[in-house]
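Sequence lines set the chain letters: A, B, ... in the order given, protein chains first and strands last, and positions in each chain run from 1.
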Amino acid sequence: MTVDELVENFEFFDDWEDRYAYLMELGDTLPALADDVKVPANIVQGCMSQVWMVARLDADGRMHLEADSDARIVRGLIAILFVALQDRPPAEVLAADVGALFQRLGLDRHISLNRRNGFAAMVQRARAFAERAA
Amino acid sequence: MPFDAARARARFPIFEDAALVFLDSAASAQKPQAVLDALAHHYQRDNANIHRGVYDLSARATAAYEAARARVAAFLGAASPDEIVFTRGATEAINLVAQSFVRPRLGPGDEILVTEMEHHANIVPWQLIAEATGAVVVPAPVTDAGDLDLDAFAARVSSRTKFISVVHVSNAIGTVNPIADIIEIAKKNGIPTLIDAAQSVTHVPLDVQALGCDFLAFSGHKLYGPTGIGALYGRAELLAAMPPYQGGGDMIERVSFSGTTFAAPPARFEAGTPHIAGAVGLGAAIDWLTAQGLADVAAYEATLLDAALEALDALAGVHVVGRPRERASVISFLVDGLHPSDVGTLLDGYGIAVRTGHHCAWPLMDRLGVPGTTRLSVGVYNTLDDIERFSRALTRIVERFAR
């Protein structure tokens, strides 16, 4: 899914309940992280629920992210993050404006500041990987 | 006059937003107009630094500050206003007792007895001084239902126990602890006690002399007062024997480089310019709540909690966490297939404010085997309509979002 497709899908829904249900469905499609990856070193600080994130640089120079959370809405946010950042070269990850995407999806009105802080922490973690890889 | 909930609610300007269902008073309560007026009046008419001002304005500010202290003393049933130390809140009050009273009494192997249901603010201050002295913090066990196991508590009291600090009402699951029994056990063994009343002070009438506790701590902001102000009650002879906690102005008698002598309590423990307006606001909050009738308010809140429990129990896939014999203030629950933060976020979508997470009571969450909970709590302004709206929203969440 492209960013534009994601925005289009969200625009299709009139009310927040549907947007949240869709967000959670997106999260449900994420593969779960293995338990041996869900260790303290991989926890993203600043999230209200537990979030784990790891990244690797593939042979073709693209950054592959894996992340999981025990909260379904947060898994949905991870899915959004992946639409924006998954398998991109580190320079593209660093150039992406994920906050703006969040606004375009209309989620900023409903998701509380705490959650957004968690989202920001995830973006920051992804950017930190990209900076090290770039 | 019996307690009139609608009339009380109308005194809180924040509820001019009729869409707001506020079920998070256990974290911080809303403020009635009387408190806002007292704060504004203080800054508009009485504002000056207190104590030692020769001018009339300073004398008025001092009188207002000390009158607030007297209100707190009367509210808690203290023998004298001098037994009330203003602090930033319950947390600072507990830290003060830990550092000034308990720490000098500790040696290696000594024990501080708490319970598994303490807020972190009644765990970490003891861990800090235990670390420094070689003492140990001992938690008394909680049953699966969320009650303190009083026999096990008594069994953990020994000659090594130097202090007992127990929460009155659990902020996480609402358990009302039998503090009279706990204090009796402590007294029998000659062990001083602190009651963490942060959660109980708005819901349960307190009388420190009848209880016989040595210290009691609470925060103003949960009592419909301002943030940044709270109080420590300490028995006069104990406060008198305690060294200062922080150094600065207002807590001294005479300062010289050859030696400084300290003021008598409570001034000894109030270094620097205190939160004068906050104390005045807290006094107004106590006046306002007292005028509503605390026992009547507590009975009213119990009907709200009963209604909420009934609604939660009627929903398949919803589980109340903690079934204490006696409950005040809060109910914690879990929803199958949803994380507490999902439930809290979704409730927010329906305009309902609740708290989610570990509620600063991680050891209790571990004991009960839950990652955290969603917690609703009630205050003087909540109505059965709030509970009804909460119940409808949660029903919808279970139907729509839970797997």
Side-chain angles (χ1 to χ4, degrees), chain A residues 10 13-30 32-33 35 38-40 43-53 67-81 102 105-122, chain B residues 17 19-24 27-28 120 172 317-318 321 332-362 365-366 368-376 389-390 392-403:
Chain A
F10 267 93
F13 300 113
D14 294 330
D15 65 33
W16 72 270
E17 281 183 323
D18 292 337
R19 277 198 291 273
Y20 267 45
Y22 179 58
L23 181 66
M24 288 162 82
E25 277 168 31
L26 286 177
D28 292 344
T29 65
L30 279 184
L33 269 186
D35 281 347
K38 291 184 183 177
V39 294
I43 284 181
V44 180
Q45 299 294 334
C47 294
M48 287 187 59
S49 53
Q50 297 213 78
V51 176
W52 302 266
M53 188 185 282
D68 202 348
S69 170
D70 44 12
R72 287 175 64 202
I73 290 173
V74 177
R75 285 173 64 85
L77 296 178
I78 292 169
I80 288 175
L81 191 72
F102 204 63
L105 297 176
L107 286 170
D108 57 319
R109 289 193 302 278
H110 292 301
I111 297 207
S112 70
L113 195 62
N114 274 323
R115 176 90 50 211
R116 263 185 277 170
N117 286 345
F119 191 71
M122 287 191 262
Chain B
D17 172 8
L20 174 65
V21 177
F22 186 74
L23 294 173
D24 195 25
S28 196
H120 297 160
V318 173
V321 177
S332 262
F333 63 93
L334 293 170
V335 178
D336 287 343
L338 290 171
H339 189 273
S341 78
D342 292 327
V343 178
T345 303
L346 293 168
L347 281 169
D348 180 55
Y350 298 99
I352 294 162
V354 297
R355 193 140 295 251
T356 65
H358 52 65
H359 314 297
C360 293
W362 230 314
M365 298 295 112
D366 289 344
L368 298 174
V370 296
T373 71
T374 304
R375 181 192 75 180
L376 74 90
R389 286 161 74 180
F390 162 79
R392 277 203 304 269
L394 191 64
T395 305
R396 175 96 181 135
I397 287 166
V398 169
E399 285 169 356
R400 181 79 207 266
F401 298 100
R403 299 189 273 216

Residue A:Asp18 versus chain B: region with a heavy atom under 4.5 Å: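 Both parts, backbone and side chain.
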Ring geometry between B:Phe401 and A:Trp16 (parallel below 30°, tilted from 30 to 60°, perpendicular above 60°):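 Because their plane-to-plane angle is under 30°, the rings of A:Trp16 and B:Phe401 count as parallel.
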With A:Asp28 via salt bridge (Lys or Arg N to Asp or Glu O under 4.0 Å) - residues at least two apart: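 Listed in chain order: A:Arg72, B:Arg403.
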Residue part contacting chain A, namely of B:Leu346, when any heavy atom lies under 4.5 Å: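 Contact with chain A involves both backbone and side-chain atoms of B:Leu346.
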A:Asp15, CG: over 12 other non-hydrogen atoms inside 6.0 angstrom: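 Atom CG in A:Asp15 is packed in, count exceeds 12.
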Close side-chain approach of A:Glu17 and B:Ile397, heavy atoms under 4.5 Å: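 No, side chains not in contact.
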Heavy-atom check, side chain of B:Asp342 versus side chain of A:Arg75, under 4.5 Å: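 No. Closest side-chain heavy atoms not under 4.5 Å.
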Closest approach of A:Ala21 to B:Arg400 (non-hydrogen atoms, all atoms of both residues):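 Heavy-atom minimum between the residues: CB-NH2, 3.6 Å.
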